[in-house]
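Right, one structure below, let's go through it.
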There are 2 protein chains.
Amino acid sequence: MEKENSKDKIISTASRLFQLQGYHATGLNQILKESEAPKGSLYYYFPNGKEQLAIESVQLTARFVSERIEEGLNRHSDPVVAIQGFIDDMAKQFQEKRCSEGVPIAAVALETSLTSEELRKACQVAYEKFQDVFTRKLIQSGYEENRAKELGIVINSMLEGAFLISFTTGTSKPLQLVSKQIPVLLQ
Amino acid sequence: MEKENSKDKIISTASRLFQLQGYHATGLNQILKESEAPKGSLYYYFPNGKEQLAIESVQLTARFVSERIEEGLNRHSDPVVAIQGFIDDMAKQFQEKRCSEGVPIAAVALETSLTSEELRKACQVAYEKFQDVFTRKLIQSGYEENRAKELGIVINSMLEGAFLISFTTGTSKPLQLVSKQIPVLLQ
DNA sequence: GTCTATAGTGGGATAGAC
DNA sequence: GTCTATCCCACTATAGAC
């Protein structure tokens, strides 16, 4: 973040809007207006247009979210307590400001995976990053490597699914219930 | 299905395309072309336009998918075997024809939940139907009602999440791994 | 019920001045 | 680096003939 230049302002605004509205519903005009970036500079920074902007937006979201996961997990040494605490925090934040965030990566991934291989790849890398944070925490805590990898994939899937259902139904219950299953899953 | 009239042809084509490409990427022209329905009859059957068509498409998908879940679960009386078998089937089908299906409801839900309350509600009802099928199976098998409801929500979340990640990363591994956790979850 | 034509809007992208 | 103007296209939706 720090001293945000025009390019950074465009990307951070685009990340937020793509996550909230999806790829096709988010117009370049809206991004330029909301970012208050100098108009007309979009194709200077992103010569490949909307697709390139979306790719870099996904990459920014991936870094941002995986850092948040990592911070969350570092708050407790026990992996069950840590992961559960992280998901509980997500559920709490979700309740407070449901409309202001959206589901990380998912909308862009669903809309573009079949039409843009590059964008699909960016979403894949993002998901692998999320999984990896959980997996590393489990390995640190003594879990066998293969099992830790499997659990990373499962936890990430559960979390994305719970976000999706929570977002659609407007209640944080799915997130809360997924959190509740973590001890069983990690036993 | 049976004797498909024009309206049914339009809806079933729309369901497939919305699921595959999302709401905003699917144009009415494409739906009319692929459905081979008489052109121009769209606004005769759907006077409220694209939004109405999407709502009815989501409802059709909801019925279709929940029936498939129910059939799948009826193939074994033991709930662990039944649910695991169902998810394994999904994983197998996913491997065979990844591109031909997409993730049920998810794309439309993510793209429209914040802009169309009616459409959001239709997606919510769809998800509740899915959950309900799992919950009923568990209650039949002797699970306590509240626990069955909670597990229905969790299983549905896991499944949608695993579909999303499988779809994006192009491997059915998330679905397989989620299936593998079912015995632990239901113990 | 079905069709054609078209209105009207907004999208992404480009050119060229400064 | 930034801005304006503009092109072209696709979209949703409507009007009106048959």
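This one's a predicted model, so the numbers in the text were calculated from it and none came from an experiment. Residue numbering restarts at 1 for every chain, and letters A, B, ... go by the order of the sequence lines.
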With respect to the phosphate group of C/dG11, does any side-chain polar atom (N or O) of A/N29 fall under 4.0 Å of OP1 or OP2?
yes

Is there a donor-acceptor contact under 3.5 Å linking the side chains of B/E34 and B/T13?
no

Out of C/dT2, D/dC3, C/dG11, which has the shortest distance to the side chain of B/S41?
C/dT2

Whole angstrom is fine here: how far is it from CD in A/E36 over to C1' in D/dC3?
17 Å

Atom NZ of B/K50 to atom C1' of C/dT9: distance rounded to whole Å?
14 Å

So, are B/E117 and B/R120 salt-bridged, with charged N and O less than 4.0 Å apart?
yes

B/K33 atom NZ is separated from C/dC3 atom C1', nearest whole Å, by 17 Å

Need one value for A/Y43: base, sugar-phosphate or nothing, where a base atom within 4.0 Å counts as base even if backbone is also close, heavy atoms only.
base

B/F46 six-ring centre to B/K7 NZ/CZ under 6.0 Å and within 45° of normal
yes

Without decimals, in angstroms, what is the distance between A/L28 CG and D/dC7 P?
19 Å

Any side-chain N or O of B/Y44 less than 4.0 Å from the OP1 or OP2 oxygen of C/dT2?
no

To the nearest angstrom, the CG-P distance between B/L32 and D/dA10 comes to 16 Å

Grab the CG-P distance between A/L53 and C/dG12 for me, whole Å please.
10 Å

Separation of D/dA10 atom P from B/I31 atom CD1, nearest Å, is 17 Å

5' priority, DNA chain C, between B/S6 and A/G27 [closest heavy atom]
B/S6

Stepwise, does the salt bridge (charged side-chain N to carboxylate O under 4.0 Å, His left out) test hold for A/R75 with A/D89?
CA-CA 12 Å; A/R75 304 184 73 206; A/D89 281 353; 3.5 Å; yes

Can you tell me how far P of C/dA5 sits from CG of B/L42, to the nearest Å?
18 Å

